[in-house]
Trainee: 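Mind having a look at this structure? Questions to follow.
Both ligands and their constituent atoms are indexed starting at 1 by order of listing. One is the number of the first residue; the rest follow in order along the sequence. Because the structure is predicted, anything quoted here is derived from the model rather than measured.
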Amino acid sequence: MRILVTGGLGYIGSHTCVELLKNGYEVVVLDNLSNSKEEVKEKIEKITKKPIKFYFGDMINEQLLDKIFELEKIEAVIDFAAYKAVGESVTKPIEYYTNNVSTVLVLLKVMKKQKIKKLVFSSSATVYGDPERVPIKETDKIGGTTNPYGTSKLFVEQILKDLYKSDYSWDIAILRYFNPIGADKSGLLGEDPNGIPANLMPYIVKVANKELECLSVFGNDYPTKDGTGVRDYIHVVDLAKGHIKALEKLEKEQQGLYIYNLGTGKGYSVLDIINAFEKANNVKVNYKIAGRRPGDIAECYADVTKAKQELKWKAELGIEDMCKDSYNYILKRKNN
Ligand code: NAD
Ligand code: UD1
């Protein structure tokens with residue numbers, strides 16, 4: 001089966017390309033390199049010893065999408081292409097809504113025209129806003145997002161639901177990721193944001209590697225076991241495997257709209273992560289307690305029963321692997 005992977009050279013997309021190739025799928029990537037590098041293509045090919053086809057371009061470009069569908073005989077799409085920096089989305093709402101919503105409308109228009117109706121979409125636990133309870137089930141209330149990034153995911157989910165209601169021959173999986181961290185064991189793929197990282201693991205890694213001095217722990221007065229924020233961290237390779245299971249589900253069912261949480265179902269606090277990282281890598285992570293980060297919630301972790309039952313998928317890798325592999329990528333980065 002030939003899959004178009006939009007945003008396939010990014011963090012989650014590249015790991016998913018690896019899993020797709022390992023599972024016998026053919027992969028065509030469209031990426032505008034706004035947050036990735038072309039050399040990731042060769043790295044994916046090095047890991048899998050299989051080729052991928054790469055188109056440099058923007059998903060907003062309808063003619064380019066038409067051309068790709070026609071030339072490549074695409075049978076399904078996994079859509080990762082989006083901007084993802086929460087803070088930046090607050091200052092650049094037009095750019096975020098254009099890139100995260102308008103591009104999806106173009107993609108859907110082309111898919112409809114080309115009669116290809118199988119889509120896996122990257123959504124986020126952010127659609128739950130401040131959850132009413134944990135663990136969060138797919139049927140729990142969504143909404144209450146506090147930034148354009150989160151709202152863009154909410155909008156696309158609604159667009160996909162409306163689309164399915166209008167035409168039941170669509171076959172769509174919406175995957176709500178929790179907090180992906182970690183990297184491919186090879187150290188060739190991973191996450192290395194430019195500048196000061198906004199998210200916990202990329203920050204920890206840079207402190208451990210002495211590129212940054214000290215981690216600020218945002219708040220220790222939350223109603224959690226140690227007062228720091230609790231999240232459901234998931235290894236990016238497990239997350240990538242979840243996409244294969246979602247595609248298999250779409251192939252089996254032929255039509256439907258399915259929503260799955262992809263997490264481990266376990267919550268770890270910021271201090272848990274620091275401790276686990278220090279232990280797994282035998283390094284010190286300097287940190288200090290700072291004030292709460294605006295917009296943060298106390299606890300967010302998934303109920304993963306639905307994915308387990310319907311996709312026959314569950315996360316296999318634990319926190320030690322996540323910490324080791326995140327650090328390994330940064331240590332090997334210079335040699336790659
Ligand atoms: P990423 O930035 O590493 O990857 C996104 C890729 O899409 C990049 O390679 C970028 O160059 C490309 N891209 C962006 N806009 C494009 C466009 N208009 N046309 C073509 N290519 C475009 O991000 P990621 O962490 O791999 O996230 C992938 C998806 O998963 C995103 O939709 C993101 O919102 C979602 N998601 C990510 C997380 C996370 O924590 N990483 C959590 C929940 C959901
Ligand atoms: C972030 C995004 C969210 C996205 C999710 C998925 C923000 C505000 N939210 O969520 O939209 O869906 O990633 O990956 O970016 N922390 C520190 N110090 C730091 C960085 C983080 O203490 O320097 C704490 C946070 O307060 C939080 C935890 O670490 O308790 C995780 O933070 P982060 O990695 O940014 O992820 P989320 O906030 O869960």
Trainee: Just jot down the ligand 1 atoms closer than 4.0 angstrom to any heavy atom of Asn35, in number order.
Mentor: 1 (P), 2 (O), 3 (O), 10 (C), 11 (O)

Trainee: Considering distance alone, does some N or O of Asn32 sit under 3.5 Å from an N or O of ligand 1?
Mentor: yes

Trainee: Nearest to atom 7 (O) of ligand 1, what protein heavy atom do you find, and at what distance?
Mentor: Gly7 CA, 3.2 Å

Trainee: Could you tell me, atom by atom, which parts of ligand 1 come under 4.0 Å of a heavy atom of Tyr149?
Mentor: 33 (C), 34 (O), 35 (C), 36 (N), 43 (C), 44 (C)

Trainee: Assess Asp58 for proximity to ligand 1: is some non-hydrogen atom of it under 4.0 Å away?
Mentor: yes

Trainee: Among all residues two or more places apart in sequence or in another chain, which pass the side chain to side chain contact (heavy atoms under 4.5 Å, CB included) test with Lys161?
Mentor: Ile142, Glu157, Gln158, Arg176, Leu257, Ile259

Trainee: Who pairs with Tyr168 by ring-ring contact (aromatic ring centres under 6.0 Å, His included), at least two apart in sequence or on another chain?
Mentor: Tyr164

Trainee: Answer yes or no: is there an ion pair linking Lys225 with Asp272, defined by an N-O contact shorter than 4.0 Å?
Mentor: yes

Trainee: Which atoms of ligand 1 sit under 4.0 Å from any heavy atom of Ser34?
Mentor: 10 (C), 11 (O), 13 (N), 14 (C), 15 (N)

Trainee: Tell me, please, which residues at least two apart from Tyr177 pass ring-ring contact (aromatic ring centres under 6.0 Å, His included).
Mentor: His243

Trainee: I want to confirm something. Looking only at heavy atoms, which of Arg176, Met201, Lys37, Lys84 is nearest to atom 23 (O) of ligand 1?
Mentor: Lys84

Trainee: Quick one: which of Leu107, Leu108, Val28, Val5 gives a side-chain contact (heavy atoms from CB on, under 4.5 Å) with Val77?
Mentor: Leu107

Trainee: Tell me, which protein residue and heavy-atom name are nearest atom 39 (C) of ligand 1, and how many Å apart are they?
Mentor: Pro180 CG, 3.5 Å

Trainee: May I ask you to list the atoms of ligand 1 that are less than 4.0 angstrom from any heavy atom of Asp31?
Mentor: 6 (C), 7 (O), 8 (C), 9 (O), 10 (C), 11 (O), 12 (C), 20 (C), 21 (N)

Trainee: Taking the six-membered ring for Trp, are Phe178 and Tyr233 ring centroids under 6.0 Å apart?
Mentor: no

Trainee: Which N or O atoms of ligand 2 sit under 3.5 Å from a protein N or O, and how far apart is each pair?
Mentor:
{"unit_1": "ligand 2", "atom_1": "12 (O)", "unit_2": "Ser124", "atom_2": "OG", "d": "2.7"}
{"unit_1": "ligand 2", "atom_1": "18 (N)", "unit_2": "Ser216", "atom_2": "O", "d": "2.7"}
{"unit_1": "ligand 2", "atom_1": "22 (O)", "unit_2": "Ser216", "atom_2": "O", "d": "3.4"}
{"unit_1": "ligand 2", "atom_1": "22 (O)", "unit_2": "Phe218", "atom_2": "N", "d": "2.8"}
{"unit_1": "ligand 2", "atom_1": "26 (O)", "unit_2": "Asp296", "atom_2": "OD2", "d": "2.5"}
{"unit_1": "ligand 2", "atom_1": "32 (O)", "unit_2": "Arg293", "atom_2": "NH2", "d": "3.4"}
{"unit_1": "ligand 2", "atom_1": "34 (O)", "unit_2": "Leu200", "atom_2": "N", "d": "2.8"}
{"unit_1": "ligand 2", "atom_1": "35 (O)", "unit_2": "Asn199", "atom_2": "ND2", "d": "2.8"}
{"unit_1": "ligand 2", "atom_1": "35 (O)", "unit_2": "Arg293", "atom_2": "NH1", "d": "3.3"}
{"unit_1": "ligand 2", "atom_1": "35 (O)", "unit_2": "Arg293", "atom_2": "NH2", "d": "2.8"}
{"unit_1": "ligand 2", "atom_1": "36 (O)", "unit_2": "Asn179", "atom_2": "ND2", "d": "3.1"}
{"unit_1": "ligand 2", "atom_1": "38 (O)", "unit_2": "Arg293", "atom_2": "NH2", "d": "2.8"}
{"unit_1": "ligand 2", "atom_1": "39 (O)", "unit_2": "Asn179", "atom_2": "ND2", "d": "2.9"}
{"unit_1": "ligand 2", "atom_1": "39 (O)", "unit_2": "Arg231", "atom_2": "NE", "d": "2.5"}

Trainee: Under a 4.0 Å threshold between the charged nitrogen and the carboxylate oxygen, would Asp238 count as salt-bridged to Lys314?
Mentor: no

Trainee: Give the residue and atom name of whichever protein heavy atom lies nearest to atom 37 (C) of ligand 1, and the separation in Å to one decimal.
Mentor: Ile12 CD1, 3.7 Å

Trainee: If we set the cut-off at 4.0 Å for heavy atoms, which region of Met59 has an atom near ligand 1: side chain, backbone, both, or neither?
Mentor: both

Trainee: Which atoms of ligand 1 sit under 4.0 Å from any heavy atom of Ser36?
Mentor: 8 (C), 9 (O), 11 (O)

Trainee: Is the shortest distance from a Lys or Arg side-chain nitrogen in Glu211 or Arg333 to a carboxylate oxygen in the other one below 4.0 Å?
Mentor: yes

Trainee: Taking only heavy atoms of Phe80, which atoms of ligand 1 are found under 4.0 Å from at least one of them?
Mentor: 5 (C), 28 (C), 29 (C), 31 (C), 32 (O)

Trainee: Among all protein non-hydrogen atoms, which one is nearest to atom 4 (O) of ligand 1, and what is the separation to 0.1 Å?
Mentor: Gly10 CA, 3.4 Å

Trainee: Going by the atom numbers of ligand 1, which of them fall below 4.0 Å from some non-hydrogen atom of Ser122?
Mentor: 29 (C), 30 (O), 32 (O), 35 (C)

Trainee: Any ion pair linking Asp167 and Lys117 (charged N to carboxylate O, less than 4.0 Å)?
Mentor: yes

Trainee: Quick test: of every protein heavy atom, which one is nearest to atom 3 (O) of ligand 1, and how far off is it to 0.1 Å?
Mentor: Tyr11 N, 2.8 Å

Trainee: Any atom of ligand 1 sitting under 4.0 Å from a heavy atom of Gly57?
Mentor: yes

Trainee: Using only heavy-atom distances, determine whether the side chains of Ser269 and Thr224 contain a donor-acceptor pair under 3.5 Å.
Mentor: no

Trainee: Would you call Asp296 and Arg293 a salt bridge, using N to O less than 4.0 angstrom?
Mentor: yes

Trainee: Please find out if less than 6.0 Å separates the ring center of Phe80 from that of Phe121.
Mentor: no

Trainee: Heavy-atom pairs closer than 4.0 Å: do any link ligand 1 to the side chain of Ser123, the backbone, both, or neither?
Mentor: backbone

Trainee: For ligand 1, is there an atom lying under 4.0 Å from some heavy atom of Leu33?
Mentor: yes

Trainee: Can we say Glu42 and Lys46 salt-bridge, meaning some charged N sits less than 4.0 Å from an Asp/Glu carboxylate O?
Mentor: no

Trainee: Looking only at heavy atoms, is any part of Lys153 under 4.0 Å from ligand 1, and if so is it the side chain, the backbone, or both, or is it neither?
Mentor: side chain

Trainee: Going by atom types alone, do Tyr83 and Glu95 pair a side-chain donor with an acceptor below 3.5 Å?
Mentor: no

Trainee: Ion pair present between Lys50 and Glu45, side-chain N to carboxylate O less than 4.0 angstrom?
Mentor: no

Trainee: Tell me: protein heavy atom nearest atom 15 (N) of ligand 1, and distance?
Mentor: Asn99 ND2, 2.9 Å

Trainee: For the residue pair Glu72 / Tyr55, report whether a side-chain donor-acceptor contact shorter than 3.5 Å exists.
Mentor: yes

